Amino acid sequence: MKLVTWNVNSLKVRLPQVLDWLAAHQPDVLCLQETKLEDVNFPAAAISAAGYQTVFSGQKTYNGVAILSKTSASEIITAIPGYADVQKRVLAATIAGVRVINLYIPNGQSVDSDKYQYKLGWLEALTAWLTDELACHPRLAVLGDFNIAPDDRDVHDPKAWEGQVLFSLPEREAFQRLVDSGLTDSFRLFEQPEKIYSWWDYRMNAFRRNMGLRIDHILLSGELARTCKSCIIDKEARKAERPSDHAPVMVEF
DNA sequence: ATGGCGTACAGAGTACGA
């Protein structure tokens with residue numbers, strides 16, 4: 001089974017690239033973040049024509065998540081239960097016996113902002129919920145844009161990023177607590193080349209200079225981690241004309 | 001130097017991302 005996460009930064013703009021990517025890679029499941037579309041405008045017909053079913057939870061301008069899959073999705077949840085949030089950042093579904101949890105975790109903006117506190121509170125609620133989900137679904141994958149680089153290796157310049165949002169200690173500790181609830185960072189199951197990232201700023205020629213961060217992740221329950229064969233970041237997608245600033249991350253198990 | 005670029009909404013300039 002091939003499972004993918006990709007922050008597309010507007011599905012309206014990136015739809016042709018998403019369709020091309022589906023045709024080229026034929027994943028079983030593709031989780032999207034930052035669709036930036038109200039549900040009424042979701043391009044379900046075009047995606048259906050490409051052979052994929054869709055579930056989605058979006059809003060105007062910001063956020064928005066979707067799951068594209070070859071087989072049908074059930075047990076759909078669009079929010080962390082009991083956590084009130086008007087921002088559409090969560091979509092969970094069961095597909096082919098795998099519990100898929102697609103997340104667009106808050107960015108946090110800067111460590112002294114209200115948005116940073118919202119991010120930390122959100123992560124706490126998420127971890128409590130995922131502990132329950134793991135108990136119900138031994139075959140579980142949590143994937144998405146986490147907006148956290150967990151380790152020095154995941155940052156092009158850890159000294160410069162120290163204490164900054166996306167790499168601050170409280171965020172990394174929250175990520176670790178999430179992992180400690182019973183999940184494995186699939187990327188680190190395998191020997192990986194150095195300086196592999198999933199996001200590069202549009203500015204400052206960051207991509208050309210490989211000034212990136214690894215902030216998009218696929219975390220697997222023990223049962224899925226044991227049979228995981230690979231975790232790859234498709235840097236090629238970031239080279240496209242008018243690319244998303246994120247690259248797709250793909251696991252196979 | 002708090003910029004740089006890209007997207008959305010709007011119809012110019014601001015908010016936001018990461």
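The structure presented is a predicted model; accordingly, all values stated were derived computationally and were not measured. Throughout, a chain's letter reflects where its sequence line sits, starting with A, and its residues are numbered from 1.
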Completion exercise
Rounded to whole Å, CG of A/N63 lies from C1' of B/dG17 at a distance of 10 Å
Problem - A/E75: side chain to side chain donor-acceptor pair (under 3.5 Å) partners, not counting sequence neighbours - result: A/T94
Problem - Nearest-angstrom distance from the residue atom NE2 of A/H156 to P of B/dA18 - result: 15 Å
Exercise for the section: Establish, with yes or no, whether the OP1 or OP2 oxygen of B/dG17 is under 4.0 angstrom from a side-chain nitrogen or oxygen of A/Y116. Expected result: no
Handout entry: Those residues of residues 158-172 of chain A lying under 4.0 Å from DNA chain B by at least one heavy atom
Key = A/L166
Distance-only donor-acceptor pairs under 3.5 Å for side chains of residues 64-72 of chain A, two or more places apart:
{"from": "A/S69", "atom 1": "OG", "to": "A/T71", "atom 2": "O", "distance (Å)": "2.7"}
{"from": "A/K70", "atom 1": "NZ", "to": "A/Q26", "atom 2": "OE1", "distance (Å)": "2.6"}

Validation: residues 14-25 of chain A side-chain donor-acceptor distances under 3.5 Å, sequence neighbours left out:
{"from": "A/R14", "atom 1": "NE", "to": "A/V8", "atom 2": "O", "distance (Å)": "2.9"}
{"from": "A/R14", "atom 1": "NH1", "to": "A/R242", "atom 2": "O", "distance (Å)": "2.8"}
{"from": "A/R14", "atom 1": "NH1", "to": "A/P243", "atom 2": "O", "distance (Å)": "3.4"}
{"from": "A/R14", "atom 1": "NH2", "to": "A/V8", "atom 2": "O", "distance (Å)": "3.4"}
{"from": "A/R14", "atom 1": "NH2", "to": "A/N9", "atom 2": "O", "distance (Å)": "2.7"}
{"from": "A/Q17", "atom 1": "NE2", "to": "A/E241", "atom 2": "O", "distance (Å)": "3.1"}
{"from": "A/Q17", "atom 1": "NE2", "to": "A/R242", "atom 2": "O", "distance (Å)": "2.8"}
{"from": "A/W21", "atom 1": "NE1", "to": "A/D234", "atom 2": "OD2", "distance (Å)": "2.7"}
{"from": "A/H25", "atom 1": "ND1", "to": "A/W21", "atom 2": "O", "distance (Å)": "3.2"}

Problem - Hydrophobic cluster (4.5 angstrom, side-chain heavy atoms) - remaining members for A/W200 - result: A/Y197, A/F207
Fill in the blank from the handout: With sequence neighbours left out, the residues meeting salt bridge (charged side-chain N to carboxylate O under 4.0 Å, His left out) with A/R188 are A/D154
Practice task
May I ask you to list the residues of residues 201-217 of chain A, by number, that have any heavy atom positioned under 4.0 Å from an atom of DNA chain B?
Solution key: A/Y202, A/R203, A/M204, A/I215
Problem - Per-nucleotide protein contact string for nucleotides 8-16 of chain B (B base, S sugar-phosphate only, - none; heavy atom under 4.0 Å) - result: SS------S
Practice task
Please state how far atom CG in A/N107 lies from atom P in B/dT7, giving the value in whole angstrom units.
Solution key: 17 Å
Problem - Spacing between A/E34 atom CD and B/dG17 atom P, to the nearest angstrom - result: 8 Å
Handout entry: Euclidean distance for P, B/dT2 against B/dG11 (whole angstrom)
Key = 29 Å
Exercise for the section: Indicate syn or anti for B/dG11, taking the glycosidic torsion and treating anything within 90° of 0 as syn. Expected result: anti
Exercise for the section: Assign each of A/R14 and A/R89 to its nearest nucleotide of DNA chain B by heavy atoms, then name whichever residue's nucleotide is nearer the 5' end. Expected result: A/R14
Handout entry: Nearest heavy atoms of A/L166 and A/E171, plus distance in Å
Key = N-OE1, 2.9 Å
Handout entry: Length of the line joining A/Q59:CD and B/dT7:C1', which is rounded to integer Å
Key = 14 Å
Exercise for the section: Could you measure between the two P atoms, the one in B/dT14 and the one in B/dA10, and give it in whole Å? Expected result: 16 Å
Practice task
Taking atom P in both B/dA1 and B/dA15, compute the distance separating them and give it to the nearest angstrom.
Solution key: 23 Å
Compile the donor-acceptor pairs under 3.5 Å between side chains in residues 44-52 of chain A and protein atoms, sequence neighbours left out, one pair per line.
{"from": "A/Y52", "atom 1": "OH", "to": "A/P27", "atom 2": "O", "distance (Å)": "2.6"}

Problem - Separation of atom CG in A/D245 from atom P in B/dG4, rounded to whole Å - result: 16 Å
Practice task
Using atom NE2 of A/H246 as one end and atom P of B/dT7 as the other, report the distance to the nearest whole Å.
Solution key: 13 Å
Problem - Set of residues satisfying salt bridge (charged side-chain N to carboxylate O under 4.0 Å, His left out) with respect to A/R209, sequence neighbours excluded - result: none
Handout entry: ring-ring contact (aromatic ring centres under 6.0 Å, His included) partners of A/F56, counting only residues at least two apart
Key = A/F42
Completion exercise
In whole angstroms, the gap separating P of B/dG6 from CD of A/Q17 amounts to 13 Å
Practice task
Taking all heavy atoms of A/F190 and all of A/S230, pick out the closest pair and write down the distance.
Solution key: CZ-N, 3.4 Å
Handout entry: A/K119 (side chain) donor-acceptor with A/N147 (main chain) under 3.5 angstrom
Key = yes
Fill in the blank from the handout: Sequence neighbours excluded, the answer for ring-ring contact (aromatic ring centres under 6.0 Å, His included) partners of A/Y116 is none
